[in-house]
Amino acid sequence: MTIQSARITYINDRPEIDGDYILYWMQQSQRAQWNHALEFAVRKGNEKGQPVVVGFGLTDRYPEANSRHFRFMLEGLRETQKALGRRGILMILRFGAPDRVALDLSRRASLVVCDRGYLRHQHQWRETVALNAPCAAVRVESDVVVPVEMVSNKAEYAARTIRPRIKRLLDTFRVPLIHVRPHHSSMGLQLPGEDLSDLEDLMGRLQMDRSVPPVSRLFPGGTRAAMKRFRSFLATGLGQYDAHSNQPQTDHISGMSPYLHFGQVSALRLSLLTDEAHHAGPENRAAFQEQLIVRRELAFNHVRFRKDYDTYETLPDWAKNTLHAHRDDFREYIYTPEQMEAGETHDLYWNAAMAEMRHTGFMHNHMRMYWAKKILEWRKTPEAAFKTALWLNNRYFLDGRDPNSYAGVAWTFGLHDRAWKERPVFGKVRYMNAAGLERKCDIRGYVRKVERQVEKTAGIRAS
DNA sequence: ATCGGCTCGCGCAA
DNA sequence: TGCGCGAAGCCGAT
């Protein structure tokens, strides 16, 4: 059994009943492979002699979702539906709140299996389904390598406190998932659902914010595109990963965060594939695993154990105190959120970062830090800065609204970090400046790289 | 080019 | 209770 019992939680105490199928209500883990929740459902189906139906509720009320996010997600879901079909598993997509759609499909189910999501609304949806499903409901964790509650039962203070806790559990949880063939096909079941072949039509029927355009050319959604990008990263990027983590002019980064955010690819699978890339050298492999597992799962720990994970209040006391002590400090530049969004500041490096974000839905991680640090510096108050950074982050990044978004923005303001030399505005919170970029990387090369990307995307839109 | 200091609080050893 | 140490920092001294 490669689905460890710590991944499996029964979330109500109803029995399995004699329905027509096992329902896997897909929400976070939007993939047909390397999905523990799906594989659990398949095994249950085989035990009970029943087929598996996958249900997905598509809602245009998803917090902060816009056409950039929807397009990417739907491209992935279209591929996932086809891939499931090849395994004889019917996937039904319906408009509606995810919990509502899951409950509708649960009426004929013997058992409801769901995946795990850690954000507030994701948790609430699962509570509603657990409470109202007519049968047993079981939640299977397939988003992180090591289940969050196995690592710790509290909000961890920093990477150094969570790292040893994760590492000692890797041998248990970082193991391949065995995929089992479903004995019974569900493809013949008559269940109404939306047609995913015409995405334009589907997009048109959703009421959404359309002010942020999709970025399908640069980041096509779906598992196939993710794996193509990842294999290219293993071949040409991983070998430079450690040395180039602060070199935004290069592209020696995996670009997996959008795919991980929508569950189109499994962190476990990426981690195991990284092990096999011997040519890249142990220090590069370790540096990537640190990002993929330790830093990412620290973010999951944050949203799991801090109810206020998306607010200024979530910061540690030392950070709030020092930022408060400096709230009335003189600020040389103050910009409105709109000026920032338009990339209209005095700082060409920052404007380039903002352009990368707007036009590609992505940003090199080193620039993500610089970008957010300057928002802290250039808004009137630290609270306003926190809001602006998170707003822009979630609006433009394909991987916005992820646990990593909340932990990443809060890190800028001191979360999971330590105090440093006191200075204006920042207080003891770690400072970054343009001189550092000039000193340590080819920042002009980065600006040129973004200019090229913007030209390319503008050309695509014009044609 | 390289190094120490800055500053906080956790986790562990004692 | 003391001590070591940390996601990427900066800055001034050598």
Side-chain angles (χ1 to χ4, degrees), chain A residues 151-168 237 240-250 252-254 256-257 283-302 305-306 314-326 329 332 347 349-350 353 363-378 382 385 389 393 399 402-443 446:
Chain A
V151 172
S152 173
N153 53 17
K154 65 179 175 71
E156 288 293 324
Y157 185 75
R160 75 186 151 82
T161 65
I162 204 172
R163 189 176 295 112
R165 293 171 160 276
I166 290 175
K167 294 224 159 149
R168 62 175 165 252
Q240 312 279 337
Y241 190 79
D242 198 20
H244 286 184
S245 67
N246 63 351
Q247 300 294 308
Q249 75 279 10
T250 70
H252 298 134
I253 46 178
S254 75
M256 284 299 104
S257 57
E283 66 300 329
N284 288 313
R285 294 202 306 274
F288 183 67
Q289 304 273 17
E290 168 79 9
Q291 300 300 315
L292 179 68
I293 303 177
V294 175
R295 301 303 311 193
R296 179 165 182 266
E297 297 186 11
L298 177 59
F300 280 75
N301 170 274
H302 174 65
F305 291 108
R306 292 296 306 239
T314 207
L315 300 179
D317 286 339
W318 72 264
K320 276 185 285 196
N321 290 342
T322 192
L323 289 170
H324 181 70
H326 288 270
D329 288 0
E332 197 174 351
D347 179 341
Y349 311 148
W350 194 92
M363 197 193 292
H364 191 287
N365 199 42
H366 194 69
M367 293 310 289
R368 291 192 189 213
M369 294 189 285
Y370 178 77
W371 171 85
K373 288 285 183 189
K374 293 292 128 178
I375 296 177
L376 170 56
E377 188 175 340
W378 299 336
N393 182 95
D399 55 77
D402 192 81
N404 273 317
S405 301
Y406 300 107
V409 167
W411 175 83
T412 307
F413 295 71
L415 177 73
H416 300 152
D417 204 6
R418 50 177 280 208
W420 298 88
K421 186 181 170 61
E422 197 162 5
R423 59 163 52 244
V425 183
F426 286 78
K428 293 166 185 170
V429 170
R430 184 194 301 260
Y431 176 66
M432 288 176 84
N433 65 7
L437 295 176
E438 287 162 355
R439 190 170 59 247
K440 288 190 295 200
C441 68
D442 176 14
I443 190 63
Y446 170 73

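Just so it is clear: chains get the letters A, B, ... in the order the sequence lines come, proteins before strands, and each one is counted from 1. All values reported here derive from a predicted model rather than from experimental measurement.
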Using atom [atom1] of [X] as one end and atom [atom2] of [N] as the other, report the distance to the nearest whole Å.
X      : N      : atom1 : atom2 : value
A:R439 : B:dC3  : CZ    : P     : 15 Å
A:R418 : C:dC5  : CZ    : C1'   : 8 Å
A:H364 : C:dA7  : NE2   : C1'   : 14 Å
A:W420 : C:dG12 : CH2   : P     : 16 Å

Any [X] side-chain N or O less than 4.0 Å from OP1/OP2 of [N]:
X      : N      : value
A:K154 : B:dG11 : yes
A:R165 : B:dG11 : no
A:K428 : B:dC6  : no
A:R163 : C:dA7  : yes
A:N433 : C:dC11 : yes

When all nucleic acid strands are considered with a 4.0 Å heavy-atom cut-off, which category describes [X]: base, sugar-phosphate, or nothing?
X      : value
A:E156 : sugar-phosphate
A:Q291 : base
A:A158 : nothing

Can you figure out which of [options] approaches the side chain of [X] most closely?
X      : options               : value
A:T161 : B:dC6, B:dG11, C:dA7  : B:dG11
A:K421 : B:dG9, C:dA7, B:dC6   : B:dC6
A:A419 : C:dA7, B:dC8, C:dC11  : B:dC8
A:Y431 : C:dC10, B:dT7, C:dA7  : C:dC10
A:R423 : B:dC8, C:dC10, B:dG11 : C:dC10
A:Y157 : B:dG9, B:dT7, B:dC6   : B:dG9

Checklist line | Residue-level proximity of residues 293-301 of chain A to DNA chain C when a heavy atom falls under 4.0 Å | finding: A:R295

Check: Do you know the tightest heavy-atom contact between A:L415 and A:T314?
Finding: CD1-O, 4.3 Å

What interatomic distance, in whole Å, is found between [atom1] of [M] and the corresponding atom of [N]?
N      : M      : atom1 : value
C:dT1  : B:dT7  : P     : 24 Å
C:dC10 : B:dG9  : P     : 23 Å
C:dA7  : B:dC12 : C1'   : 22 Å

Check: For A:N404, does its backbone N or O pair with a side-chain atom of A:R296 as donor and acceptor, under 3.5 Å?
Finding: no

Check: Is a donor on one side and an acceptor on the other found under 3.5 Å between the side chain of A:N321 and the backbone of A:D317?
Finding: yes

Item checked: Nucleotide pairing, DNA chain B (Watson-Crick or G-U, distances under 3.5 Å), in dot-bracket with [ ] and | -> ||||||.||||||.

